[in-house]
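What follows is a single structure, written as structure tokens, with notes after it.
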Amino acid sequence: MIDLPFSFTIPLPAVIPSRIDNHIKRTLSALKGQFLDEPAFNKMLLEEDKLIYEVYEIKRPEVEGELLMGISIVHPGKVGNEFFMTKGHFHSVIETSEIYYTLKGEGYMVMETPEGETSVEPLSPGKVLYVPPRWAHRSVCTSRQEDLVTFFAYPGNAGHDYGTIEKTGFRKLVVDGEKGPEIIDNPRIN
Ligand code: F6R
Ligand code: ZN
């Protein structure tokens, strides 16, 4: 049977979609090993397993030809001097891409390929970011008070490979420097 077209709204400035099929909440513990300052991470975790980011998903069949859509919300904050961020991933079907449209807040999309190419693109309201096939991606919120909110869409068959990134982390990190957000090399990668 053929699916019928459907619509939903993302009311601004609230940005919570009118249709939600799944709500993912990731807390600090889910990001273990990713922040550079481990003592700061452990101290923070002892105090509270804080909510770092959330995803509202619109479910569709996870097959080629479909598009998976949703809203990603990274809350403001830092671990040590590193801004809150998503875990980040390659798509399991690596030749799949993704579109992000920023609705609210400021931040960066940190990206890299398996071959070691890197790209860190600023995100701000109204900006459309295209993540081409093969690029791992992680969103980072650099707003001090506001959430970083993005709408995303990607192929239904993409899947997520978190393991590759979990091993060493991304090659680039976004930290709070003397003059504001700075992009630095990840010292854990030579
Ligand atoms: C899907 C995608 C986004 C992220 C979301 C949370 O392919 O890139 O929907 O899933 O921003 O980030 P992760 O999945 O890295 O925890
Ligand atoms: Zn993705």
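As the structure lists them, so they are numbered: ligands from 1, and atoms in each ligand from 1. Numbers for residues simply follow the sequence, beginning at 1.
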- [ ] Mind jotting down which residue pairs meet the side chain to side chain donor-acceptor pair (under 3.5 Å) criterion with at least one end in residues 64-77? Sequence neighbours excluded, please.
- [x] E54-H75, R60-E66, H75-D147
Task: side chain to side chain donor-acceptor pair (under 3.5 Å) partners of residues 167-183, not counting sequence neighbours, each pair once - done: K78-D176, E112-R171, R144-D176, K172-D185
Which heavy-atom pair separates [X] from [Y] by the least distance, and what is that distance?
X   : Y    : answer
V74 : F84  : CG1-O, 3.8 Å
H89 : F170 : N-CZ, 4.3 Å
D49 : L28  : OD1-N, 3.1 Å

Open item on the list: When you measure from the centre of the six-membered ring of F90, is the NZ or CZ of R134 closer than 6.0 Å and no more than 45° off the axis?
Closed with: no
Open item on the list: I'd like to check T142 versus V174 (side-chain heavy atoms, cut-off strictly below 4.5 Å). Are they in contact?
Closed with: yes
- [ ] Please examine the side chains of V110 and S139, heavy atoms only from C-beta on, and report whether any two atoms are closer than 4.5 Å.
- [x] no
Task: Atoms named by residue and atom, protein N, O or S, within reach of the Zn ion (ligand 2) (under 2.8 Å) - done: H89 NE2, H91 NE2, E98 OE1, H137 NE2
Distances under 3.5 Å, N/O of ligand 1 against N/O of the protein: list each pair and its distance.
from	atom 1	to	atom 2	distance (Å)
ligand 1	7 (O)	H89	NE2	3.2
ligand 1	7 (O)	H91	NE2	3.1
ligand 1	7 (O)	E98	OE1	2.9
ligand 1	7 (O)	H160	NE2	2.7
ligand 1	8 (O)	H89	NE2	3.0
ligand 1	8 (O)	E98	OE1	3.0
ligand 1	8 (O)	E98	OE2	2.9
ligand 1	8 (O)	Y100	OH	2.6
ligand 1	8 (O)	H137	NE2	3.2
ligand 1	11 (O)	S72	OG	3.1
ligand 1	14 (O)	H89	ND1	3.2
ligand 1	14 (O)	Y162	OH	2.5
ligand 1	15 (O)	G88	N	2.8
ligand 1	15 (O)	H89	ND1	3.0
ligand 1	16 (O)	R26	NE	3.4
ligand 1	16 (O)	Y53	OH	2.5

Task: Residue of the set E82, R138, E166, K87 for which side-chain hydrogen bond (donor to acceptor under 3.5 Å, both in side chains) holds with Q34 - done: R138
